[in-house]
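Positions are given from 1, in the same order as the sequence printed here.
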Amino acid sequence: MDRLPTPCNRSYLRARARLRDTLDQIIAQRLAEGTDQGDLLSALIAARDPEEGGRGMSRAEISDQTIAFFLAGTETTAATVGWALDLLARHPEIEQRVHSEVDTVLGGAAATHTDLPDLTLTERVITETLRLRPPGWFITRLVSADTELGGHPLPAGATVAYSAYFIHHRPDPYDNPEAPRPPSPLRPSPPAGVWHTCPAAEPAPPSP
């Protein structure tokens with residue numbers, strides 16, 4: 001259906017072409033300048049693959065990677081931050097603890113990568129947000145070799161689809177899965193046979 005020349009499909013193809021053309025112009029200009037701007041595009045241009053003799057990425061590969069970061073690294077991040085703020089607004093006691101942690105660790109400065117290990121409560125809030133409201137709620141993967149998952153044979157070339165939202169809202173690994181779990185420093189092993197990204201914690205109290 002996406003190959004039919006409908007107005008919606010034609011509009012999408014025009015928008016995609018404009019995005020590609022814009023990125024190609026930016027990449028060509030940056031390559032011509034040959035300077036490191038200290039940003040993502042400069043990092044992609046400077047990247048080298050040691051397993052392929054230090055080969056860098058082609059313009060098409062740089063463009064593809066830029067598209068991936070642009071699409072997967074903006075809306076998903078914005079959605080996660082938005083839901084985290086929503087959850088904190090509903091639990092002011094946790095919000096106050098997050099403010100206190102940020103004030104203590106950062107002291108008014110902008111956060112850097114080296115500060116992340118000390119922002120433990122903030123990390124747990126984000127992790128729980130990803131469990132409750134994952135931006136990538138439906139994901140597909142292509143099986144690269146014959147394998148087995150949960151007793152089900154998966155031949156190479158098969159497409160596997162799974163919902164992170166559904167898995168993270170199952171009642172077997174999570175008590176009261178719809179309620180936010182209180183932040184806990186404990187990180188026990190995930191429940192046997194269940195894939196999930198959120199560390200288990202004590203059961204959440206009933207929602208008010």
Side-chain angles (χ1 to χ4, degrees), residues 1-2 8-9 11-13 15-16 18-20 22-23 39-41 43-44 47 57 60-91 94-95 98 111 113 116-117 119-145 147-150 152 154-184 187-201 204 207:
M1 295 296 292
D2 60 353
C8 182
N9 286 343
S11 176
Y12 167 76
L13 292 175
R16 187 175 68 176
R18 286 198 304 271
L19 177 60
R20 285 287 187 179
T22 301
L23 286 176
D39 55 14
L40 174 63
L41 182 54
L44 291 174
M57 288 188 286
E61 290 173 325
I62 294 173
S63 179
D64 288 343
Q65 293 296 327
T66 305
I67 289 282
F69 278 103
F70 178 73
L71 296 179
T74 53
E75 183 179 356
T76 53
T77 302
T80 300
V81 171
W83 280 118
L85 294 175
D86 176 79
L87 289 172
L88 288 174
R90 298 170 187 270
H91 298 81
I94 302 298
E95 180 183 9
V98 169
H113 188 270
L116 298 183
L119 296 170
T120 55
L121 176 61
T122 304
E123 177 194 6
R124 293 196 295 274
V125 168
I126 294 297
T127 300
E128 181 64 358
T129 301
L130 291 172
R131 180 187 75 83
L132 287 169
R133 300 289 186 266
W137 61 272
F138 187 80
I139 303 172
T140 60
R141 287 293 183 267
L142 186 67
V143 179
S144 59
T147 186
E148 182 179 294
L149 179 64
H152 301 280
L154 297 175
T159 298
V160 177
Y162 67 93
S163 170
Y165 182 92
F166 175 76
I167 293 173
H168 294 167
H169 286 74
R170 286 174 51 176
D172 45 348
Y174 301 104
D175 296 315
N176 196 6
E178 300 299 326
R181 302 161 70 82
S184 168
R187 289 179 177 270
S189 300
V194 177
W195 175 88
H196 65 96
T197 58
C198 179
S207 299

Qualifying residues under side chain to side chain contact (heavy atoms under 4.5 Å, CB included), relative to L154, sequence neighbours excluded: V143, T147, L149, V160

Residues that E75 engages under side chain to side chain contact (heavy atoms under 4.5 Å, CB included), provided they are two or more places apart: none

For R20, what residues pass the salt bridge (charged side-chain N to carboxylate O under 4.0 Å, His left out) criterion, not counting sequence neighbours?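 Only D64 meet the salt bridge (charged side-chain N to carboxylate O under 4.0 Å, His left out) criterion with R20.
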
For R141, give me all partners under salt bridge (charged side-chain N to carboxylate O under 4.0 Å, His left out), at least two apart in sequence or on another chain.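 R141 satisfies salt bridge (charged side-chain N to carboxylate O under 4.0 Å, His left out) with no residue once adjacent residues are dropped.
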
Only pairs at least two apart or in different chains count here, so list each salt bridge (Lys or Arg N to Asp or Glu O under 4.0 Å) that has a residue in residues 79-91. D86-R90

Where [X] and [Y] come nearest, the two heavy atoms and their spacing:
| X | Y | result |
| --- | --- | --- |
| I126 | A84 | CD1-CB, 4.0 Å |
| A161 | F138 | CB-CZ, 3.5 Å |
| L121 | V98 | CD2-N, 3.6 Å |
| P135 | T80 | CG-OG1, 3.6 Å |

Residues in side chain to side chain donor-acceptor pair (under 3.5 Å) contact with T66, at least two apart in sequence or another chain: none

Calculate, to the nearest 0.5 Å, the distance between atoms [atom1] and [atom2] belonging to [X] and [Y] respectively.
| X | Y | atom1 | atom2 | answer |
| --- | --- | --- | --- | --- |
| H168 | E178 | NE2 | CD | 13.0 Å |
| F166 | R170 | CZ | CZ | 6.5 Å |
| H169 | N176 | NE2 | CG | 10.5 Å |

Got [X] and [Y] here, is their nearest side-chain heavy-atom distance under 4.5 Å?
| X | Y | result |
| --- | --- | --- |
| F69 | L44 | yes |
| R131 | T127 | no |
| L85 | E95 | no |
| T129 | P180 | no |

Give the C-alpha distance, both sets of side-chain angles, the deciding distance and a yes or no for side chain to side chain contact (heavy atoms under 4.5 Å, CB included) between V125 and L87. CA-CA 9 Å; V125 168; L87 289 172; 5.9 Å; no

